[in-house]
Amino acid sequence: MSEFLQQVINGISLGSIYALIALGYTMIYGILRFINFAHGDVFMVGAFIGYFVAPHVISLTGGSLWIAAPIVLIVTMVGCSALGVTIEKLAYRPLRSRPKLTVLITAIGVSFFLEYGGQLVFGPDPKLFPTLIPSSSLINTQHVVIGTNSIVVILTAIVLMLLLRFIVYNTKMGTAMRAVSFDHRVASLMGINIDSVISFTFVLGSGLAAAASLLYASVYPSINPLMGIFPGLKAFVAAVLGGIGNLAGAALGGLIIGITETFVSGYISSSYRDAIAFAILILILLFKPSGILGRHDRDKV
Amino acid sequence: MSQLSESMLEVTSLEVKYGAIAALRGISLSVKTGQIVTMIGANGAGKSTLLRAISGLIRVCSGNISLGDADITNLPPHRIVGFGVSHAPEGRMIFANLTVRENLEMGAYLRRDSDAVAGDLDRVFLLFPRLKERINQQGGTLSGGEQQMLAVGRAMMARPKLLLLDEPSLGIGPILVKAIFQTIVEINRELGMTILLVEQNAHLALKIAHYGYVLETGNIILEGPSSEIACNELVRKAYLSE
Ligand SMILES: Nc1ncnc2c1ncn2[C@@H]1O[C@H](COP(=O)(O)OP(=O)(O)OP(=O)(O)O)[C@@H](O)[C@H]1O
Ligand SMILES: [Mg+2]
């Protein structure tokens with residue numbers, strides 16, 4: 001029973017990270033109707049920004065992680081947002097009126113560019129991510145250990161998701177995002193600058209990927225330029241599972257994938273860890289291609 | 001005052017093509033400030049194309065569109081809204097995933113005068129009480145008639161200098177048509193809003209408009225004060241089904 005509880009907490013923690021990444025896929029899909037396959041690599045760049053920035057921030061703040069970590073988080077989010085906006089401007093915007101397949105292939109190209117560019121710049125060898133979350137066990141009974149790591153991951157994810165929800169549903173820019181996701185032309189007739197709304201969407205999506213990368217690297221501290229591939233693919237599956245374009249669906253899908261993965265590797269074999277997401281993807285595509293919360297195509301962000 | 005300074009919108013030798021097909025073949029028209037001007041014509045005449053060209057939804061091949069002193073030819077749509085043009089497109093195009101209130105708020109997207117926006121919101125609800133009852137309902141769940149009210153209300157929320165209406169009578173019952181046309185007259189009289197009204201319902205349109213144009217396969221074949229157009233033999237036969 002207690003091991004079960006332990007697995008649930010680990011699963012929710014991993015699932016919250018997938019959820020944060022999945023939200024980026026789903027928002028960008030909602031606005032542009034294509035899968036940004038470079039999203040996982042923006043996540044990877046986030047981990048490297050954190051890797052380079054954290055030591056400086058930690059020494060500047062006199063070693064207090066509770067002060068340093070939020071600063072590193074903000075810097076990384078700003079960095080990834082800038083990267084996301086740049087990718088959209090340079091690679092996707094010129095192709096906006098082209099067939100979606102063209103944009104999709106371009107996204108895969110951007111993904112390769114970041115992965116191999118990352119190997120060139122950062123080197124292919126794994127690096128040890130600095131400790132950002134003070135490690136201690138909050139609860140430590142005989143069988144259950146709940147570390148600060150899990151709690152910080154889950155709380156950070158919840159706060160960011162609530163913030164996102166607020167932005168999308170309670171601000172003018174968020175309403176404009178939903179209007180653009182319905183129809184670009186009609187939205188432009190309201191005076192909405194479509195390009196700005198798309199950039200803003202990339203700011204949000206990439207910012208969440210940045211946060212996810214720091215949380216992920218705090219749990220799995222070995223980082224390398226290809227580290228975005230699997231979390232990226234799993235988060236993509238999570239977004240499809242929840243219903244692509246649907247925010248709540250992405251969060252739910254992330255949790256399901258995270259928990260399933262943790263259970264499979266805990267109770268069956270850790271060698272199935274990475275395979276399970278794809279098994280889930282095949283099942284959804286077979287039985288409910290619109291995803292759990294997916295409704296008809298237009299009612300989405 | 002000169003003729004020119006009274007004019008809100010001037011369209012000169014406008015040509016628009018869809019691929020190789022010419023939809024507008026060099027038409028010129030003008031809309032005087034404070035007037036209701038109607039553009040009537042059969043299916044496929046190019047009426048919606050004209051409105052799309054004015055609001056920037058489609059690229060103009062040649063010719064010129066100016067609003068007051070500003071040349072707005074081929075500007076992006078959101079900039080043209082900034083010049084005070086609001087377009088209620090054909091087929092309503094309500095944001096199905098936004099509530100009634102949010103749809104109306106998007107109509108006022110560029111406005112910074114939030115007090116006046118609140119006042120205009122009340123005004124729309126006064127004109128269309130049905131919308132107020134459904135304020136938090138998703139746009140996609142409204143009936144066709146309610147969506148038409150919302151489309152007109154949303155375009156009004158921009159408080160435009162020039163309101164472009166594309167067939168507001170399409171697909172709704174006669175009672176609502178009458179109410180909407182009354183509203184059009186009211187906003188023209190009370191708010192002094194200039195209106196370019198595209199209609200197939202020539203009878204009604206000519207009744208409320210000051211001036212009218214008849215469009216036929218991309219060419220303007222007739223123009224004049226609407227009372228004159230309504231008397232024209234050709235129009236009576238072709239558009240007023242007499
Ligand atoms: N997107 C498009 N692609 C190609 N041709 C188009 C397109 N839109 C309109 N057309 C053509 O341009 C011509 C004018 O169309 P438009 O929609 O302006 O007509 P309309 O006068 O508004 O007709 P209706 O009263 O039926 O709405 C038509 O022949 C139409 O087939
Ligand atoms: Mg039309």
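Per chain, numbering begins at 1; letters A, B, ... match sequence-line order.
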Worksheet entry | B/A88 versus chain A, the contacting section by heavy-atom distance below 4.5 Å | neither

Worksheet item: How close do B/F95 and A/D183 get, heavy atom to heavy atom, and via which atoms?
Response: CE2-O, 4.5 Å

Worksheet entry | Spacing of CE belonging to A/M190 relative to CG belonging to B/N103, to within rounding of 0.5 Å | 8.0 Å

Worksheet item: Taking side chain as C-beta onward, heavy atoms only, is B/M106 less than 4.5 Å from A/T175?
Response: yes

Fill in: Non-hydrogen side-chain atoms of A/R185 and B/I58 separated by less than 4.5 Å
no

Item to complete: Specify the closest pair of heavy atoms between A/M173 and B/Y109, including all atoms of both residues, with the distance to one decimal.
Response: SD-OH, 4.1 Å

Worksheet item: Is there any residue in residues 191-200 of chain A with a non-hydrogen atom under 4.5 Å from a non-hydrogen atom of chain B, and which ones are they?
Response: A/G191, A/I192, A/N193

Item to complete: Rounded to the nearest 0.5 Å, what's the gap from NZ on A/K172 to CD on B/E102? Could you check?
Response: 13.0 Å

Worksheet item: If you measure from OH on A/Y169 to CG on B/L98, what distance do you get to the nearest 0.5 Å?
Response: 9.5 Å

Fill in: Distance in Å, B/R79 CZ paired with A/S188 OG, rounded so as to fall on 0.5 Å steps
13.5 Å

Worksheet item: Heavy-atom count around A/N170 CG within 6.0 Å, excluding the residue itself: above 12?
Response: yes

Sequence neighbours excluded and cut-off under 3.5 Å, please list the side-chain donor-acceptor pairs for residues 75-91 of chain A, or say none.
from  : atom 1 : to     : atom 2 : distance (Å)
A/T76 : OG1    : A/V72  : O      : 2.7
A/S81 : OG     : A/M77  : O      : 2.8
A/S81 : OG     : A/V203 : O      : 3.0
A/T86 : OG1    : A/A82  : O      : 2.6
A/E88 : OE1    : A/R93  : NE     : 3.4
A/E88 : OE1    : A/R93  : NH2    : 2.8
A/E88 : OE2    : A/R93  : NE     : 3.4
A/E88 : OE2    : A/R96  : NH2    : 2.8

Discussion item. Using every non-hydrogen atom in the two residues, find where B/R154 and A/V186 come nearest and quote the distance to one decimal.
Written reply: NH2-CG1, 3.8 Å

Discussion item. Can you confirm whether more than 12 heavy atoms, excluding those of A/F278, are under 6.0 Å from its CZ atom?
Written reply: yes

Practice prompt. Measure distances from B/R111 to the heavy atoms of chain A and classify the residue's part below 4.5 Å as side chain, backbone, both or neither.
Written response: backbone

Worksheet item: Counting only heavy atoms not in B/Y18, do more than 12 fall under 6.0 Å of its OH?
Response: yes

Worksheet item: For B/I94, is it the side chain, the backbone, both, or neither that has a heavy atom closer than 4.5 Å to a heavy atom of chain A?
Response: backbone

